Amino acid sequence: MGLSAHALERQPGAIKRLGLFGGAFDPPHLAHTALARAAIDQLQLDCLHVLPTGGAWHKKRELSRPDDRLAMCRLAFAGMAHAEVDEREIRRPGATYTIDTIEELQAVFPGASLYLLMGADQAVSLPSWHRWKE
């Protein structure tokens, strides 16, 4: 299956194309995994970080417990080549903003091209996101 993104973090320049796939994943379902597989294949990603959201400031409904959503993601994406469940947003205190995650990953993977995956629902609401133009 190859090295995980965490192992590749220790090898500068190993990841050239990094996908970010965030969401509530409450619960993760077949459409999530199908989108992840398609993105990995079509965008030729070296790694896709699946990022269950922590403090979802934009969700109107209460989400399942963060650790439960993290465990569900680990099950849903287990064994998917080039996909890694990343818990940084779950572990971040307070509101979770995509821009913070992007900046963190740019620092960890300098020079990598980042690809932000989102559904049509989020694409429509993008102008309401924190620091969305960045």
Side-chain angles (χ1 to χ4, degrees):
M1 177 146 100
L3 296 173
S4 73
H6 291 299
L8 290 171
E9 286 178 19
R10 294 186 297 273
Q11 299 177 11
I15 291 186
K16 302 288 186 203
R17 301 170 69 84
L18 175 65
L20 288 70
F21 184 25
F25 300 110
D26 193 22
H29 49 72
L30 293 176
H32 290 130
T33 56
L35 175 60
R37 280 190 192 93
I40 290 166
D41 292 342
Q42 292 176 17
L43 298 172
Q44 299 178 331
L45 299 176
D46 297 309
C47 186
L48 175 67
H49 279 227
V50 177
L51 296 143
T53 189
W57 59 270
H58 62 292
K59 291 288 183 184
K60 296 189 183 351
R61 69 177 178 86
E62 188 172 330
L63 298 176
S64 298
R65 291 177 359 140
D67 285 334
D68 291 340
R69 293 185 292 108
L70 184 60
M72 288 188 286
C73 280
R74 286 191 174 128
L75 289 171
F77 293 92
M80 185 181 296
H82 303 285
E84 179 172 311
V85 176
D86 183 327
E87 59 186 60
R88 78 183 64 234
E89 289 194 358
I90 290 276
R91 302 293 175 226
R92 187 181 298 141
T96 299
Y97 299 111
T98 301
I99 188 65
D100 297 330
T101 302
I102 290 170
E103 289 173 346
E104 284 179 23
L105 289 170
Q106 282 177 324
V108 172
F109 300 102
S113 296
L114 303 183
Y115 296 84
L116 181 62
L117 309 180
M118 69 178 70
D121 59 333
Q122 293 305 312
V124 169
S125 70
L126 187 63
S128 70
W129 288 21
H130 178 69
R131 294 172 49 200
W132 72 279
K133 289 185 180 182
E134 293 176 50

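What you are looking at is a predicted structure, and each value in this text was computed from that prediction instead of being measured. All heavy atoms count here, side chains included; hydrogens, waters and symmetry mates do not.
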When you measure from the side chain of [X] to the backbone of [Y], do you find a donor-acceptor pair of N or O atoms at a distance under 3.5 Å?
X	Y	answer
H49	L20	no
R69	S64	yes
D46	R17	yes

Exercise. Can we say E87 and R74 salt-bridge, meaning some charged N sits less than 4.0 Å from an Asp/Glu carboxylate O?
Worked result: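 Yes, charged N to carboxylate O under 4.0 Å.
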
Exercise. Hey, are R91 and D86 close enough for a salt bridge, meaning a charged N less than 4.0 Å from a carboxylate O?
Worked result: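 Not counted as a salt bridge, because no side-chain N and carboxylate O are separated by less than 4.0 Å.
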
Problem set entry | Within one Ile-Leu-Val-Met-Phe-Trp-Tyr cluster: L63 and L75, side-chain cutoff 4.5 Å |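 They do not share one cluster, since no chain of ILVMFWY contacts under 4.5 Å joins L63 to L75.
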
Shortest non-hydrogen contact from [X] to [Y]?
X	Y	result
E89	P52	CB-O, 3.5 Å
L48	F21	CD1-CB, 3.9 Å
P27	M72	CB-SD, 3.8 Å
A39	L117	CB-CD1, 3.4 Å
A24	T53	CA-CG2, 3.7 Å

For this session: Decide yes or no for V50 and F25: does some side-chain heavy atom of the first lie under 4.5 Å from some side-chain heavy atom of the second?
Result: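 V50 reaches F25 side chain to side chain.
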
Exercise. Would a 4.5 Å heavy-atom cut-off, applied to side chains only, mark P28 and T33 as touching?
Worked result: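 Side-chain contact under 4.5 Å: no.
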
For this session: Indicate whether any N or O donor in one side chain lies under 3.5 Å from an N or O acceptor in the other, for R92 and T101.
Result: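 Result is yes, a qualifying pair exists.
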
Problem set entry | Among L45, I40, D41, the one residue meeting side-chain contact (heavy atoms from CB on, under 4.5 Å) with H82 |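 The passing option is I40.
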
For this session: Quickly, which of D100, I102, T96 forms a side-chain contact (heavy atoms from CB on, under 4.5 Å) with T98? Name it, please.
Result: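 Answer to the side-chain contact (heavy atoms from CB on, under 4.5 Å) test with T98 among D100, I102, T96: I102.
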
Can you tell me how far apart [atom1] ([X]) and [atom2] ([Y]) are? Round to the nearest 0.5 Å.
X	Y	atom1	atom2	result
C47	K16	SG	NZ	14.5 Å
I15	F109	CD1	CZ	4.0 Å
L35	M118	CG	CE	11.5 Å
E62	D26	CD	CG	10.0 Å

